[in-house]
Structures are given as C-alpha cells and as structure tokens.
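The block underneath contains the structure these notes are about, expressed in structure tokens.
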Amino acid sequence: MGKDRVPAFTRCRRMPTFAPRRQSPIGSPALTMLHLADIRRDPEAAKARLSHRHFANLAAIDELIALDDQRKKLQTDHDAVLAESNSLAKEVGQLYAQGKKAEGDAAKVRSSELKQRSAELTAQQAQVSEALQTLLYTLPNLPHASVPAGRTPEDNEVVRSGGKNPSLDATAKPHWDLAATYDLIDFELGVKLAGSGFPVYKGKGARLQRALIAFFLDRATEAGYTEYLPSVLINEASGFGTGQLPDKEGQMYLVSEDKLYLAPTAEVPLTNIYRDVILEEAQLPVRMTAYTSCFRREAGSYGKDVRGLNRLHQFEKVEIVRIEHPDRSYAVLEEMVAHVESLVQALELPYRILRLCGGDMGFTSALTYDFEVWSAAQERWLEVSSVSNFETFQANRLKLRFQDNNKKKALAHTLNGSALALPRIVAALLENNQDETGIAIPAVLQPYTGFARIGG
RNA sequence: GGUGAGGUGGGUGAGUGGCUGAAACUACCGGUUUGCUAAACCGGCGUACCGUAACAGGUACCGCGGGUUCGAAUCCCGCCCUCACCGCCA
C-alpha cells in the first residue's frame, strides 16, 4: 500500500492539473463534460434527451461533431508530419556520421520546413480544440428518459409521499421562534462571529446536531457505506472533477491566499478520492459516506427563503456517494432513494419525493430525486435531500474508469445524495413536534440526544 | 515562515543529447517444467489520441509550461508539487 493515497487501485500516470482549456491540442480532446464518443454514437438521441431540458442550442451537437471531424483530420495530418520529421532526425545523425555532409544539410532544410508546418498545425489544432471545448462546456448532462419534461419546480413529479402532517394549533411557532424560546440556536451570535447564515447552536440545539450526524452516519454505515472524514477545503482540480468549477465558482467560498475552496458538499472531496483512478470491475461498487460542514455563498437568495434555518451559508450534512457499473446505476439510484426515505420515516417526518423535471434539474445530473419534508408551522415543503445519478458526466471529468478482465476500460457512473442535510430537518422536527410546553424528540434519536424532550 | 532534497512505468530505481517508450529488479498475467507449497525458465505487461472490420501502423506523454537543437527524460528558463529538518501552533 505504502504512500499511495488510493491503495489497490490502478492510478493513471498523468494527473493533469486544472487547466482543461490550456491542454495540448495534440491527442486527447481534453476534458469534456459529456463524453464525445457517446454523442457521436447517437447524435439524435443526444438531441432528444437535451430537448427534455429545454436546451435551446440543439445545433451544438452537429457543430460538435463537425469540429471533432476537423480535429481528427488535423491530427492525422500532424502525425504524418511529425513521423517524417522523426525519421529525418535519425537520418541526419547517420549522414553526418558517414561524412555525407551535403545530404545531411539537405535533410536539415527539409526538417525545418516540417517544423514550420508542424507549428501551423499545432496552432490550428489548438484553435479547433478550444472551440470544441467551449462548446462542450455549454452542454449539460443528458436527462434520463424518465425525467419529466417540465420547466419549473411546479412541473416536478411527486413520486410518492409519506408520514402524517401534524395538526398544530394557532399558537404554533416557526422554528426560529422555538429556537429562541428554548435557547437552541443563536442567529445573532452567528452574525457577530461570521455573518448572517452562520447560526450558532447551543445546549440541546448543539446536541441535536451531533445526534443527527451520528444517527445518519450510523445508518449509512449499516447500509454498507464506508465512513470518511475528508478535508473541507478543496483544490481547483477537485472542484472541476465534480462539476462545481468552472460554472458555479461564485457559489463557493474561496481562500484566495491558497487557491482553495470551501467544499459546498462532501460530494466534492468524496468523489474526488477516485479522480484519475482505474478500478478493477470487481472493486465496484464503491460506497462512501461522510459528514462535513458545507459552505455556500448563496448569492442572490433573499426573503422568506433565508429565514431561520431555511437557507444558510454553513450547514451540516451527511452525504452518501457511490461509484457504480453503468448497468446498475439506475437500480442503485432507487436504492439510495429508499435509504433516504428510511431516514425521514425513522424521524417521523411528513415527506414527499419528487422526480425533478428537465427544467429544474442540475447541470450535471441525468436524473434527480428531491426529498422534501413538511415544515408545519411555516406550512411549506423544505428540501432536505437531493439524490442524483450523474452517469458518466462527472466520471469523464474525473477520469474515473473501471476495467474488466480483458482490460477493457469504460467510464464509471457516479451517484450521490444527501442523507441528510440537517438544518431543514431540524426546522421540521422543531415545528412539527412542538406542543405548549416543549418539543418531542423522535424515539430513534433519543439514544443519540440523551434526552426525550426539549423544554418542559 | 526558514533551509535542504527530490519529482522517470503498479512499486523500487538506472539513464552518456541520437541505437531510450525508456535498463534492471519487483509486482502482475500467460506458458513450460515440477509429488504438493515453492522455485526455475520463457513470453507478455503504461496512458491517451489518430488509424483499422479487427490486426498493423502512426503520434504524444519521463511533475507542468516554454526555450535551445536536425534531434531533449538528458541542456536552459519559469512554475507547480512532494518529502526531510528547524521554527511556530492545535
């Protein structure tokens, strides 16, 4: 094992730093979002799937293929030039060694012509690569066939729901009032220490955080996920690998002195553990879980969305991540949904599961299920989990592959989901379980909290 | 923060400007041999792209980028990273 950070896996020799646009024009079409080979295999299918997202520029697919054709032609030409150049270089040495100076000089002349030609081709290749890359960056992942065609959150499909809405009386308070009443969370103190959106939990409020984290991690571990405690600072390459960079740069906190970002989710460090890795097929599936604080700038959010715990700059979350064989990934997605569902059920929260429509789905996802819990005093649904299959979209950026016994390599599928994000769970727990004198803690959490009620 | 060392294939580790995509060992795979385990011997064994029906073949890659040269792992410049020790700190 030794110093290898990912023991037992085959590591790629090359660990490209984050600079996809500046990659050599020769060779690989560089890091792409969608896998170009897949698009080429069936361009019409790609267009059909993209239209599910209401992606406007379907002509991009044809442009892409045309550019790729150009790229191939240029490479073939360039290879021929370089091949001649290489053999010529060998001859030169021999010619001089044999005393054939005149012929050697002639070869040098030809060689410099080729060098000139090579430089031209390099420039053209760079240009085509750049165009190809730019275009590929604009393409989101291809939605799965089951993704509803809608455009807005209203068009999301409710897959199923569960739990029972509590009947609260008129005196029921929203969670931010409850947090103050029972001295669980101090929002003003957070403002003092950092700013709005950085609540300070205290007393039973803090203990409840710890309890939920431990509970979620235990459940994930029982389900076969290996627990990690990764770094929360991530570098550019990691941000690129999972798709946060370059698009969502503004959503992450940047430690500019060190060019590191605060991870917006444990998905980033966890998934990037397998960046530049070729797994043996027998090593699949990979299941990982981690608790981390998550940091999001949430620029542009306002109003009731940011009240109390509804939307924060820092929050706690347990994440589950899987690396799977393409044949299994959708079955696994359902399995993950079932896992998350078991959590909200155990917490006795009213919930519903949404299949996100094409217009509401994230850029990198092929299919996403959102979990929402009912926040009874606010009388609104709060998103507490998002479970997605990214198919090869992330794997392509990560260069995360697996190989079978014949050394045949293919991109793996990556999936992840919150299991779960704490703040809105806490909001719902506080609001839904309140009565005149206090707040009841769900039975399943009591071994973790050490108390059954908050307040009287 | 300071000083020093170093980045070559899965690992260890050679490498004089052309015969090095790269010695050797090791690991791994296949084969031969062998009462068993083991050993010995032979062969294979990087990644990506182009190319092919598939082979073949071509090109690039010795941390990254650039330069010198007919020709660079090897020489020059810039950058990045890692390790060790000292200092500081949890």
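Quantities reported herein were computed from a predicted structural model and do not represent experimental measurements.
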What's the [atom1]-[atom2] distance between [X] and [N], to the nearest Å?
X: Leu121(A); N: C49(B); atom1: CG; atom2: C1'; result: 15 Å
X: Asp77(A); N: A60(B); atom1: CG; atom2: P; result: 15 Å
X: Arg40(A); N: C49(B); atom1: CZ; atom2: P; result: 13 Å
X: His78(A); N: G51(B); atom1: NE2; atom2: P; result: 16 Å
X: Leu82(A); N: G51(B); atom1: CG; atom2: C1'; result: 15 Å
X: Leu36(A); N: C50(B); atom1: CG; atom2: P; result: 9 Å
X: Leu88(A); N: C70(B); atom1: CG; atom2: P; result: 12 Å
X: Glu84(A); N: G58(B); atom1: CD; atom2: P; result: 15 Å

For [N] and [X] - does any side-chain N or O of the residue sit under 4.0 Å from the phosphate oxygens OP1/OP2?
X: Lys115(A); N: G71(B); value: yes
X: Lys409(A); N: U47(B); value: yes
X: Arg401(A); N: A48(B); value: yes
X: Asn86(A); N: A60(B); value: yes
X: Arg71(A); N: C50(B); value: yes

Exercise for the section: Using modelled atom types only, decide if a donor and an acceptor are shared between the side chain of Ser293(A) and the backbone of Glu316(A) within a distance under 3.5 Å. Expected result: no
Under 3.5 Å side-chain donor-acceptor pair for [X] and [Y]:
X: Glu227(A); Y: Tyr291(A); value: no
X: Arg307(A); Y: Asn310(A); value: no
X: Asp370(A); Y: Ser386(A); value: yes

Using atom [atom1] of each nucleotide, how far apart are [N] and [M] to the nearest Å?
N: C42(B); M: C36(B); atom1: C1'; result: 23 Å
N: A90(B); M: G6(B); atom1: P; result: 34 Å
N: A56(B); M: U20(B); atom1: C1'; result: 23 Å
N: G21(B); M: G71(B); atom1: P; result: 16 Å
N: G7(B); M: C79(B); atom1: C1'; result: 14 Å
N: A72(B); M: G67(B); atom1: P; result: 12 Å
N: U33(B); M: A39(B); atom1: C1'; result: 11 Å
N: C49(B); M: G44(B); atom1: P; result: 25 Å

Problem - Mutual orientation of the aromatic rings belonging to Tyr448(A) and Phe215(A) [parallel < 30°, tilted 30-60°, perpendicular > 60°] - result: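 The arrangement is perpendicular - the two ring planes meet at more than 60°.
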Problem - Met252(A) and Leu245(A): CA distance, side-chain angles, deciding distance, side-chain contact (heavy atoms from CB on, under 4.5 Å) verdict - result: CA-CA 9 Å; Met252(A) 291 194 289; Leu245(A) 294 174; 3.7 Å; yes
Handout entry: Those residues that, when tested against Arg328(A), pass salt bridge (Lys or Arg N to Asp or Glu O under 4.0 Å) (two or more places apart)
Key =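 In terms of salt bridge (Lys or Arg N to Asp or Glu O under 4.0 Å), with neighbours along the sequence ignored, Arg328(A) is linked to Glu324(A).
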Handout entry: Which residue lies more 5' along RNA chain B, comparing Ser111(A) with Lys73(A) via nearest heavy atoms
Key =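 This one resolves to Lys73(A).
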Handout entry: Earlier contact from the 5' end, RNA chain B, for Lys259(A) and Val92(A)
Key = Val92(A)
Practice task
Would you indicate what Ala83(A) reaches in the nucleic acid, counting non-hydrogen atoms under 4.0 angstrom: base, sugar-phosphate, or nothing?
Solution key: sugar-phosphate
Exercise for the section: Flag yes if more than 12 heavy atoms outside Lys73(A) fall under 6.0 Å of its NZ atom; otherwise flag no. Expected result: no
Exercise for the section: Toss me the dot-bracket line for RNA chain B: Watson-Crick and G-U wobble, both under 3.5 Å, 5' to 3', using | for pairs to another strand and [ ] for crossers. Expected result: ((((((((.[[[..)..(.....]]].(((((.......))))).(((((......))))).[[[[[..)....]]]]])))))))....
Exercise for the section: May I ask you to check if Lys204(A) and Phe451(A) form a cation-pi contact, with NZ or CZ under 6.0 angstrom from the six-membered ring centre and within 45° of the axis? Expected result: yes
